[in-house]
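The structure appears below as structure tokens.
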Amino acid sequence: MSFLPVTASAPGKLMLFGEHAVVYGSPCIVTAVDRRIEATVAMNATETVVVEREGHSAQNLGSVQYVQTESIDCFDTKYQFVIMALKTFWEDTQSAFGVIITTRSQFTDKEGLGSSSAVTVALMKALSEATDQGYDLDTVFRLSYATVKAVQGEDASGFDVAAATYGGTFRYQKDKKNASLQRETANMSLIVAYSGIKAKTTEYVAKVKRFKKKEPDLVNNIMEDIEKLVNQAEQAFLRQDFETAGHLMNCNHDLLHSLGVSTDVLDCLIDTCKLNGAYGAKLSGAGGGDCIISLAHPKCKKNVEDGIYKIKRFKHIKVLPVQSGAEGVRIE
Ligand code: PMV
């Protein structure tokens, strides 16, 4: 066990194709982005658990025994993923120890870039390193996904945990990373814009679930169509045919719209991208807000970004300069 602080970092994510359908077992395509979250672990001889988020004062969350036995609901929501990751790690290693955990983020939890999964994965890796567990990536993924499900509920597909763990761009199906598309998508020109609205993933997953219960045939057909698009998008990426991938984004967005998860601001952003010459665009994630993504010819990227900045109807819209295909979890 190391008494020197150990730091690990993990990337955020974007869903390229297949959100919502992935909850019901279909594949999706996901990418890790070059905005990271760091977690530092330092063993604490006082047998307490202290969590410090950069820019905020340190919080003593109580004795090891208290943290171990209390339900996750007793803790402030901003610490729940950290506490649950620690509890999952203690359980897996049959141990419990005092620890000071410090987190630092290159993105806010408002943009929908996967801060919860990134902090969970970074912390799991740092804990493994600090205690010489030597977890491999599949173990980091398994325990981090269990953590996220314990906080967010069983519906979470784990695509964000997979992106934070493995990095790159790849096809994902609930519980497992599939074929990598990292090499083929290295040159894609992706534009990401934040809608200015923080969406609550669980709310939109529940909304689709209710719709599916009410109209099973209709929603199952939509999910099947989304799955077909994911397969076609994978083929387009393999050919590095970003124009077709962009068109498929438009189709994917239309299906998400018919699931009832798009909004005026998301539709406005998407129309703006298309009007300014993008191949296509779609919302990314559960819907209701967060980000849109767009594919364009590299020469057209600036035009699309300028168009987004000219939108006056909605405040707080901004282009996020992020790169896709970022490296997965690593020790710093
Ligand atoms: O809202 P986000 O960015 O966390 O994405 C949610 C994607 C869903 O498919 C709707 C849910 C999931 O767990 O895959």
Side-chain angles (χ1 to χ4, degrees), residues 10-33 35 37 77 80-81 107-121 141 144-166 169-178 190 192-212 219 222-227 229-230 233 249 252-253 255-263 265-266 269 282-293 320 322 324:
K13 56 75 194 160
L14 282 168
M15 179 73 93
L16 297 182
F17 287 94
E19 47 274 268
H20 286 290
V22 66
V23 170
Y24 300 94
S26 296
C28 67
I29 300 176
V30 51
T31 190
V33 296
R35 303 262 192 118
I37 291 192
T77 46
Q80 285 186 350
F81 287 94
F107 56 97
T108 80
D109 55 4
K110 295 197 175 54
E111 291 162 346
L113 291 180
S115 56
S116 311
S117 45
V119 78
T120 302
V121 168
F141 171 73
S144 301
Y145 186 25
T147 300
V148 167
K149 281 196 285 191
V151 179
Q152 245 179 20
E154 286 297 313
D155 285 335
S157 73
F159 81 99
D160 44 0
V161 182
T165 306
Y166 302 105
T169 302
F170 56 92
R171 182 180 161 111
Y172 174 83
Q173 204 152 0
K174 220 168 182 178
D175 267 337
K176 59 178 187 298
K177 173 183 186 263
N178 299 154
L190 189 73
V192 182
Y194 176 56
S195 65
I197 293 159
K198 165 86 193 110
K200 210 158 184 287
T201 299
T202 46
E203 208 175 277
Y204 281 83
V205 170
K207 184 176 176 183
V208 171
K209 204 176 193 176
R210 282 196 302 277
F211 189 22
K212 192 168 182 293
V219 174
I222 294 175
M223 297 304 186
E224 275 171 29
D225 286 348
I226 292 178
E227 175 159 353
L229 285 177
V230 169
M249 280 187 176
N252 196 162
H253 183 73
L255 291 169
L256 290 164
H257 194 281
S258 43
L259 282 178
V261 298
S262 193
T263 61
V265 56
L266 293 172
L269 276 165
K282 64 180 275 295
L283 69 81
S284 176
D290 292 344
C291 289
I292 64 103
I293 53 173
L320 299 182
V322 298
S324 60

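Remember, it's 1-based here, ligands and their atoms both numbered in the order they're listed.
Scanning all protein heavy atoms for the shortest distance to atom 3 (O) of ligand 1 gives K13 NZ, 2.5 Å. From the protein, the heavy atom lying nearest to atom 4 (O) of ligand 1 is T201 OG1, 3.2 Å. The protein atom (non-hydrogen) at minimum distance from atom 7 (C) of ligand 1 is F159 CE2, 3.6 Å. Protein heavy atom closest to atom 14 (O) of ligand 1, with residue, atom name and distance, is S157 OG, 2.6 Å. H20 N, 3.9 Å is the protein heavy atom nearest to atom 8 (C) of ligand 1.
At a threshold of 4.5 Å between non-hydrogen side-chain atoms, the residues K110 and Y194 count as touching. Side-chain contact between T120 and S144 is present, with at least one heavy-atom pair separated by less than 4.5 Å. You'll find the side chain of V192 stays beyond 4.5 Å of the side chain of V33, heavy atoms only. K209 has its side chain within reach of Y24: a pair of non-hydrogen atoms, C-beta onward, lies under 4.5 Å apart. Side-chain contact check for I226 versus I222: some heavy-atom pair is nearer than 4.5 Å.
No cation-pi contact links K177 to F141, judged by a cut-off of 6.0 Å to the six-membered ring centre and 45° from its axis. By the 6.0 Å and 45° rule, K149 stacks over the aromatic ring of Y145.
The option from V161, V23, L14, D160 that lies nearest to atom 11 (C) of ligand 1, judged by heavy atoms, is V23.
Interface atoms of ligand 1 facing E19, defined by a heavy-atom separation under 4.0 Å, are 9 (O). Ligand 1 places these atoms under 4.0 Å from at least one heavy atom of A156: 13 (O). Distances below 4.0 Å separate heavy atoms of V22 from the following atoms of ligand 1: 9 (O), 14 (O).
Heavy atoms of Y204 found under 4.0 angstrom from ligand 1: none, in either backbone or side chain.
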